[in-house]
Amino acid sequence: MEYIDLGHISLLIGFLLILVGFWGVLTQKNIIKIIVGFSILNTGINILIVSLGYVKGKTAPIIDNAVAQTGYHDVSASVVDPVPQALVLTAIVIGFGVTALMLAYAMKLYKAKKTLEINKFNDLKW
Amino acid sequence: MLRNILIALVILVMGYMFYNTYSNYETRTELAGISQHFAAQGAQEVGAANLVTAIVVTYRGFDTLGEVTILFLTASIIAFFLKLKDEDYDSSIDHRETSELLVTASQVLIPIIFLFGIYVFMNGHLTPGGGFQGGAIIATGVALMIMANPNVRLNYHVIHWVESVSGVSFVVIGILGMVLAGGFLDNKIFGQDGLGEFGTLFSAGAIPIIYSFVGLKVGAEISNILNKYQKSQKEA
Amino acid sequence: MNIYAKLAYTILGFLIVLNWGFLMGATMRKIGARMAGRHGIPFKQPWINLFKSISTRTVITHGIMYYIGPVFRLTGGIGLFLFMPMVFTGSPDGPWTNFSFEGDLILIMYFNVFGMLGMALGAGEGGHPYAAMGITRGLAQHAAVELPLTLAFLSIAIQFDTFSIYKIVEAQQGGIMHWVLFTNPFAAAAIILAMLGALGHSPFNLVKAPNEILIGPATEYEGTYLGFMMSAGATLHVMEAVLFMNLVFGGATSWLELIVKSFLIYFWSVFVGMVFPRFKIEQSVTWFFKVPLLLGVLAVIIFMF
Amino acid sequence: MVTPIFIVATALGAGFAIGVLNKFGKNFTGGLVLAAITFMTFISYQWFSAFQFGDQTPEYVYTAGFMPPLSINLLMGHYEAFVTLLINFAGLLGGIYMFNSLKNRGSNAQVVYLIMLMGLNVMVMTRDIFNLFVFMEVSSIAIAGLILLEKGTRSMGAGFKYILATSIISGFLLIGIIFAYYFTGTLNLDGMIDANLSGIKGGAVAVFMIMIAIILELKPFPANGWGLDLYEGSNAGFSAVVSAASATASFFVLSKVMDIAGPEWYYYISLIGAVTFVGSNLLGIKQENTRRMLGYSSIGQLGLLMLILGFRDILGDQTPYIVFGILISHYMAKAGLFWISGIVKSKGLKGWAVIRKKPFFLFLMGTFIFALIGFPPFPSFFAKWTLVMELVKTGNMAWVVAILFGSMMEAVYLFRWFGYAIKGENEHLEDFKIEIHKIVPVWMVAIGLYVMGYFTAQFTEVGAEINFIPLAFVGLLLALDFLPVFVKNTIAIAGMLAYSYFIYPDLEGDTLRLIFEGIFMLGGILALIAGYAYKGTRAGFYPVAILMYAGLTGIIEAKTTLEFFYGWELMTAGSYFLIIRGKRSMPHGLSYMLFSIGGAYALLAGLGIAHVGQDSFAMDIINNIQYIPYWAYGLLIAGFLTKTAAVGLHIWLPGAHGEAESDVSPMVSAILLKAGVFGVVLALIGMGAENNQYTELAYALGWLGAITAFVGNLMAIFQEDAKRLLAYSSIGQLGYIVFGLAMMTHLGWLAGFSYVINHFLYKAVLFLTIGAVVMRVGTHNMYEMGGLIKRMPLAFVAVMIGIIALSGVPPLSGFTGKWLFYNAVLEKGWYLQGALFSFSGILAFMYLWRLIHTVFLGQLKDNHRNVKEISIWFLIPIYTLIAGLMVYAAKPEWILQPLGNMIAQFFPDGQLIWDGGTAISKYGQWSGSLIGMTIGATFMTVLIWLMLSTRKAHKVKQFDITYSGERPERPETTHVAYNAFEGLYKAMWVATIPLVETFWDRVTNILHDTAGFTRRLYSGNGQAYMLHIVFFILITYLVIIGG
């Protein structure tokens, strides 16, 4: 590694966020904080996804006149990988759905026991 | 405390695992695999200037259908388990007075936000953005609306209709792709020549249509979820 | 030898055994009494008892099994006699071999129980508690006795490679040193000790427990039944002695030898009985599981290598 | 043919449209959902039948008009069609079952249910890994929502834990996918397989994350607390769907994705599967909550499937068959059990006794449990058989041990549960209601299991109709169960007679098999005659009795080891039901079943080893075992000894036989135990008979037999319960038989076989008589009886003859065995064992006397003064058997000569020489008929004399006795019965210390404690569950990828 480039930096940030997210998820007792942990975790994963699509020195995969083209709108030499960007879109939406559901659960759980401490919800065990 | 140390250890090992992965990463200098094809041929095959959109709506349209489904599912689940009755939608709660600034600004901003949202999803095949982004923007408008007036009564019948019709339309277009073109969710339902002129609004076949429906659906779903959250608060 | 001659010899033999049984019983009682400083019964007492019992006029019954019990008992005694070769004459078909050709030592071992079982069944129907107690004790002690005894029998059978009592006797002919007593001392020792239990004198007579509970199963019987039982008892005593004689002490070549040997064998148990007080049933069971069992196991083990 | 994309389109179209259509009411939307699922099922079925019955080739469905890897494609192949059919069918049945639950939650819930199924379908069909991720999310979010169909905080907690866990898992999956894409440049599964991802530098970690996430979806032990909560906390109908549909889909996904990982992962998949199977079944034994217990079982079954999947290279072509068998059984049985658990609504296991209020539920439950454990005729039986055969063949013994141990644990808790259901107290329990839409799905899967069983059997030797005729007869009796005893008994006897007639030509000439078949069939018929004594319908008796006989005859007729094992298991199942019918039989039924299953597994392993290096499954492969033959024969014999109740494996018998019904005891004692003997005989013949090379094995068996004889007889002496006394006596008698057979000489076998026949005759007489007496007097305790000779003389005579025969006193038939035994012992040189055997025989006198004395002699009790003679229906078989005993006693040569000829096939040396009726051996001679005549003549002479001399004997009253100056007034005071052999006990109590019971108690306790301790891991805290998952991932990472 001669110098740290953008790809490495964002990958590192992604991993760090994931670890932070895990830390939050595993240590926080408050359900809302756990959900926040998951959001951080998801963000980290999303950054990871995008950074893996990075191609050094290339631009966004939207074809307009600013992008160098060869042949008929062939931009293969000048854009970053569009696939992870498509995937991350899906991942974000899924993350949104899950978070929404968790929050709804949090509301239900709070209503049931008037607490958000996760270790209070262990009716089922063993 | 012991537990936290243990977890720290776990995180450390996980970090080690990630480090192994990280150390195998090398920054790419050129495209590889399928992305090569998308960059080279995508514009020609799909006719969308935004390659990401081309992938999201057409190449991987089936994923998008799943995404929409997830949103729809979430909304449905929240609906049945926050369990609102019809009269709950009309109920009001006591709340602190919202700031004047917010109320006034919302009156100005909401139409603009809606308009912007619609712009984003209609031009998803040309510019950054698309159905999800547009839908989300619309939903922020709704969020603003709720914040400005927590007792606002959204017409949930309209929301349901929009949600339902746009969802069904998405599926129908998908099936049309099978009938009129090469497969489920194929965007060339107007034929290869019907892709329109590259880079204009009416191009890329069914993509703008699908994305519009997606936008509407996403906007409706998220609004719906927000509305449910808001309305179910009185139970608390 | 034709069947009638055989029958005649057999009946004669049985009469000898029966009477010798009575006489031997009386003698032992007499010896016992003298040792205790009493005068004792006259020698003719058993015959007197027998006739008195048989001629009693009133006879009762508790039911069919009660009735049949003595029959079993006597059949057991007679049967034992029938299946036993009595006097060795050099031929398996000789005059005093009875019906021993029908079976062998195993038959004797199991038929031995026939009378006991019938007795137990018969006395049981009377519903007298002493009968049941006596039987439970008798069966338990019997089991304990049989274990060393069986081992010793097996040892002798291994030694001579046969279960046939006749052949065992035959093999012991030709001098005292050919007796199992000397050729297979462990087996002989086991038998001599276990025999005490089989013959049922003190210290192994809790089964009958003469003083406290009259005499066990027999309590319930009187009259003709008692006569039958006494005859059976006399026969069985002799037959058991004869069995041990045949197996360990070289058999008998004449009735006299038989009488002497069986008397000595029987006397051995009476002698011990004079010296030792009675054991409780658990004591006698454990006693047989000690030295006699060890001897029996040794008697067998020496043939395993 | 409708293209599979319509599965998706239908579900989504209907789902989206319901938002508008819900104003037509919830019934309408519910109907619409069901219609959509029906259509989806139809599509899958159409494809499946095209593959199964036509020559359809797999078809790809492309989307977006582009070819993969550019676009997402779906595959509809044979397996996909099958799995989607399973999913949709489970969804359909579940939809019907949950119709009301869903309706109550509104149209939204109905939609979520529909979409969950759609998600599962796409998971199965898709060939794109990211698409797989999306639809896994779809289904898991839907599941997280549907948990809330059940109200209350429990389900809420379960749902939340489920989301937390799946979020972690999907996070890892996503990281894995994106790295996989980064390394291969494709998202298509086939493309990734081609790219050999594991081989690329850094790719292994991507593979790891994908694989571990998908494995975690299958809820591996111990990172599966959330899965258990899901099963326990959600609506029963929904648990069924999760277990049947979702688990099946996840399993299929694993099988699909593991192609990316490559063979180096197979071992780990198997390992995780094995740990899961053993671990979760072990923890299951501690469960008292039905739903959670079923959850443990479901997870365990998935573990087993994982294990199999990891072996797919080794199992080769057999893999689909094995997976099919296990999967379909689990799918149907578990769904059925969950559904029943929703109807019965009892949380604790003990409350399930209520199920008896609707007896056909017991049938359903039994069907499901037996299918889960792998009894015939269910598919899992054939699958387990094939699996073990293949694993053993390839030398994977350790895996077989794990599989069998896990299965054993599963049997422990399932049968304990079943025992509560059959025998528990249920009077205070509230009856449950049945809704028609809930019971229909249960019946569907139950019938499905039988159909599938038949279908599965067609691929094996058991497929022949001969093996299903008896089963069909069982089914017929089941259908006629409402008829009175008289009719059913006649049908059963007629059926057995007809079958005997029908089967006889097959066995003619094979004396060995004829003997056993004779005992099974004729004995069975005689025992059934006693059944006429019963009144009413005797619900459920006849099907199970005939099932046992079907199994028994099955093992006789078996031409292959599979058929043998098939018959063996049928017999076990039938006898289990017979045994557990007794009043207090619950614990004994369980221990019988567990020992039987343990034995069956030993058998299975043994037969597996026997198959190594052989081409066929023909029965004679056990005559020539090539691979570790010591182990093979040892296992086979150990398996058979569980049925003969050899010491150590006997603890089930006294209770099982003692508590059984009056005519069942002879069936299970005189008849059933001989099945074990038959097995031992086959194994010993296999060991080479005369040329036995496994002398140590035979030697050990001999000691075992002798000790069993001793322990059985000794314990019998100290019993107060007449039937238990006989039961212990059976243990001892079977010890004789085993001892005789183990000698491996002509005489030894002759002795053993003479005992086989004798024991059948007299034990049937004794059990039938005592059983009939018990029916009259209403107690098993001997000290409560007494003096019954006055009331039932015929029964007394029967018992007397029985005990004389058993004791071996001449002239009855028991002496035959004794005489042969001594000769055999002397010839073989097993003196010490012989002495022990002999001692056991002497001990027998004590319990026999006690049996007859305390029951029939002694004092008649006041409350028995008016009891009647035992039923004529018992007397008929009893005296028929006695006639047999008498013939045997009078003419032993009629039986011993053919036996000798038969045995001479295996042991030509050392035969008896017959001189007329006199048998002559090397050591002595014995002539049964002459002895009989001599003794008879003496007896008659003495008797006549006595009769003549006591003509005037007068009968005295019962209390006309005196002792110690007392005259009794109550019978109890002088009936010496309780603890009769006190003296012996004081001398020999050391030998009665229940070492074996203590040993098994210890084993049980250790298992329970382990389970109890380990399951505390499942603390119920969602965060802890996440930690478990992370731990699981990291540890697996360190193991698989390494530092």
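Chain identifiers are assigned alphabetically (A, B, ...) following the order of the sequence lines, protein sequences preceding nucleic acid strands; residue numbering begins at 1 within each chain. In this text, all values refer to a predicted model and were calculated from it rather than measured experimentally. All heavy atoms count here, side chains included; hydrogens, waters and symmetry mates do not.
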Which bit of C/Leu121 is near chain D, if near means a heavy-atom gap under 4.5 Å: side chain, backbone, both or neither? both
Distance check, rounded to the nearest 0.5 Å: C/Glu282 atom CD versus D/Leu984 atom CG? 10.0 Å
Sort C/Phe228 into side chain, backbone, both or neither according to what part of it lies under 4.5 angstrom from a heavy atom of chain D. side chain
If I take atom OG1 from residue D/Thr938 and atom CZ from residue C/Phe14, how far apart are they, to the nearest 0.5 angstrom? 9.5 Å
For residues C/Met304 and D/Leu832, determine if any side-chain heavy atom of one lies less than 4.5 Å from a side-chain heavy atom of the other. yes
Shortest non-hydrogen pair, C/Leu154 vs D/Tyr831, comes out as CD1-O, 3.8 Å
Can you tell me which of D/Phe856, D/Trp926, D/Phe981, D/Trp945 forms the most heavy-atom pairs within a distance under 4.5 Å of chain C? D/Phe981
Checking heavy atoms, do the side chain of C/Met116, its backbone, both or neither come under 4.5 Å from chain D? neither
Under 4.5 Å from a heavy atom of chain D, the part of C/Phe101 involved: both
Please classify the contact between C/Phe83 and chain D as side chain, backbone, both or neither, with a heavy-atom cut-off of under 4.5 Å. side chain
C/Tyr225 and D/Thr950: side-chain donor and acceptor closer than 3.5 Å? no
Would you mind checking which part of C/Ile158 comes under 4.5 Å of any heavy atom in chain D, side chain (CB onward), backbone (N, CA, C, O), both or neither? both
Identify the two heavy atoms, one from D/Ala987 and one from C/Val285, that lie closest to each other, and give their separation to 0.1 Å. CB-CG1, 3.4 Å
Straight-line distance of D/Ile717 CD1 to C/Thr136 OG1, nearest 0.5 Å: 11.5 Å
Closest non-hydrogen atom pair, C/Tyr110 against D/Lys818: OH-CD, 3.3 Å
Is C/Tyr67 close to chain D through its backbone or its side chain, or both, or neither, when contacts mean heavy atoms under 4.5 Å? both
Looking at CD of D/Gln925 and CG of C/Leu107, how far apart are the two atoms once the value is rounded to the nearest 0.5 Å? 10.5 Å
Calculate, to the nearest 0.5 Å, the distance between atoms CG and CD1 belonging to C/Asn112 and D/Ile842 respectively. 10.0 Å
Regarding D/Thr934 and C/Glu102, is there a side-chain donor-to-acceptor distance under 3.5 Å anywhere? yes
Identify the heavy atoms of D/Trp819 and C/Asp104 that sit nearest to each other, and give their distance. NE1-OD2, 2.9 Å
If you compare all heavy atoms of D/Ile935 against all heavy atoms of C/Thr75, which two are closest, and at what distance to 0.1 Å? O-CG2, 4.0 Å
Contacting moiety of C/Ile60, where chain D heavy atoms sit under 4.5 Å: both
Contact part of C/Ile301 toward chain D, heavy-atom cut-off under 4.5 Å: side chain, backbone, both or neither? side chain
Between D/Val976 and C/Ala132, what is the shortest heavy-atom contact and its length? CB-CB, 3.5 Å
Given that the side chain runs from C-beta out, which part of C/Phe72 has a heavy atom under 4.5 Å from chain D: side chain, backbone, both or neither? both
To the nearest 0.5 Å, what is the distance between CD1 (C/Ile64) and NZ (D/Lys955)? 9.0 Å
N/O donor-acceptor pair under 3.5 Å between D/Gln859 side chain and C/Gly127 backbone: yes
